[in-house]
Amino acid sequence: EHLFNLKFPPQELNRNSKKCDKEEKAEKPPLKKAIQKGNMEVARIHAPPAIRQKNQAINFLRMSARVPPVAARVQTAVTMGKVTPPMAGVVKSMDATLKSMNLAPISALMDKFEHQFETLDVQTQQMEDTMSTPPTLTTPQNQVDMLLQEMADEAGLDLNMELPQGQTGSVGTSVASAEQDDLSQRLARLPPQV
């Protein structure tokens, strides 16, 4: 309410300042006539009211300029008064929450979650590796080699020429051994089950 009432004084003070300006101007013509006639006593009588009105107009303008900053400070105080109690409530709630939070169990739970996630990742990778293993590994290698040679003969190709050197008859074996080594390394990195 007081803040609302502070909006009106600057307007009132500006009106009073303009009124004083008019009264100052009204005092000047008699003063000027008295000086022109050489009547200095009458001029001295009209001079003080003109000066007083001029000073009063300036004072009203000064006061008018001071009211808005005061109103702004009051507005800030009112706003802070409204915001402070909810902030105090939030701070108390945060204190209670922080006191009730025990970081050791939360940290242990997060560590266990990460461990289980890593285990799941390794098991998933192992399943993917198992599923992607070529079915020829379950067949005896000599039968695979014989079939490859037979097909190469029918196509009129020399199987030794088509395969890179050192790989004849051992294509499936080298792939299987590489996958087996990779799986062994992953299992070795797993932490022991609790």
Side-chain angles (χ1 to χ4, degrees), residues 1-129 131 185-194:
E1 184 182 338
H2 296 297
L3 183 61
F4 180 75
N5 290 335
L6 279 174
K7 292 181 181 179
F8 299 110
Q11 297 169 356
E12 182 71 26
L13 291 168
N14 283 333
R15 278 195 296 268
N16 288 339
S17 176
K18 288 177 184 177
K19 184 179 176 184
C20 289
D21 282 339
K22 286 180 182 177
E23 290 179 9
E24 178 196 1
K25 289 176 183 175
E27 290 289 335
K28 286 186 177 179
L31 174 63
K32 188 177 181 182
K33 283 183 185 177
I35 292 173
Q36 286 173 344
K37 290 181 180 178
N39 194 346
M40 294 308 288
E41 279 189 44
V42 175
R44 289 182 189 276
I45 292 172
H46 288 289
I51 293 170
R52 192 169 46 249
Q53 292 301 333
K54 181 180 180 180
N55 290 339
Q56 192 68 22
I58 292 171
N59 286 337
F60 281 135
L61 284 176
R62 282 185 186 143
M63 288 181 66
S64 172
R66 287 183 181 175
V67 173
V70 170
R73 287 185 187 136
V74 171
Q75 177 67 50
T76 302
V78 168
T79 304
M80 289 304 293
K82 289 178 182 176
V83 170
T84 301
M87 284 178 66
V90 168
V91 169
K92 285 180 184 176
S93 298
M94 287 176 68
D95 279 343
T97 303
L98 290 172
K99 286 178 184 174
S100 68
M101 284 178 68
N102 191 349
L103 293 181
I106 293 172
S107 178
L109 181 66
M110 291 304 292
D111 289 344
K112 186 173 182 182
F113 175 78
E114 287 181 19
H115 171 72
Q116 289 177 344
F117 191 76
E118 287 174 4
T119 302
L120 178 65
D121 190 35
V122 169
Q123 290 175 351
T124 303
Q125 187 63 41
Q126 184 179 1
M127 279 295 287
E128 288 175 1
D129 291 347
M131 297 301 285
Q185 289 176 357
R186 286 188 189 159
L187 289 174
R189 284 185 284 181
L190 268 179
Q193 295 288 334
V194 179

Does the pair D21 and E24 meet the rule for a side-chain contact (heavy atoms from CB on, under 4.5 Å), with working shown?
CA-CA 5 Å; D21 282 339; E24 178 196 1; 4.0 Å; yes
Between T79 and Q75, is the side-chain hydrogen bond (donor to acceptor under 3.5 Å, both in side chains) condition met? List the steps.
CA-CA 6 Å; T79 304; Q75 177 67 50; 3.3 Å; yes
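When all heavy atoms of A26 and P29 are compared, the pair lying nearest together is O-CD, 3.4 Å. The nearest pair of heavy atoms linking S64 to L13 is N-CD1, 3.5 Å.
When side chains are defined from C-beta on, N14 does not count as touching Q11, because their heavy atoms never get closer than 4.5 Å. Inter-residue side-chain proximity for E118 and V122 is flagged as unmet; no heavy-atom pair is nearer than 4.5 Å.
Pairs of residues two or more places apart, or lying in two chains, never qualify as side chain to side chain donor-acceptor pair (under 3.5 Å) while including a residue from residues 103-114.
Interatomic distance, CZ of F60 versus NZ of K19, reported as 8.5 Å (0.5 Å rounding). Atom CE in M63 sits 11.5 Å away from atom OG in S17 (nearest 0.5 Å).
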Kindly list each side-chain donor-acceptor pair under 3.5 angstrom involving residues 39-54, sequence neighbours excluded, with atom names and distances?
unit_1: Q53; atom_1: NE2; unit_2: E23; atom_2: OE1; d: 3.0

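A donor-acceptor pair under 3.5 Å links the side-chain atoms of T124 to the main chain of L120, judged by distance alone.
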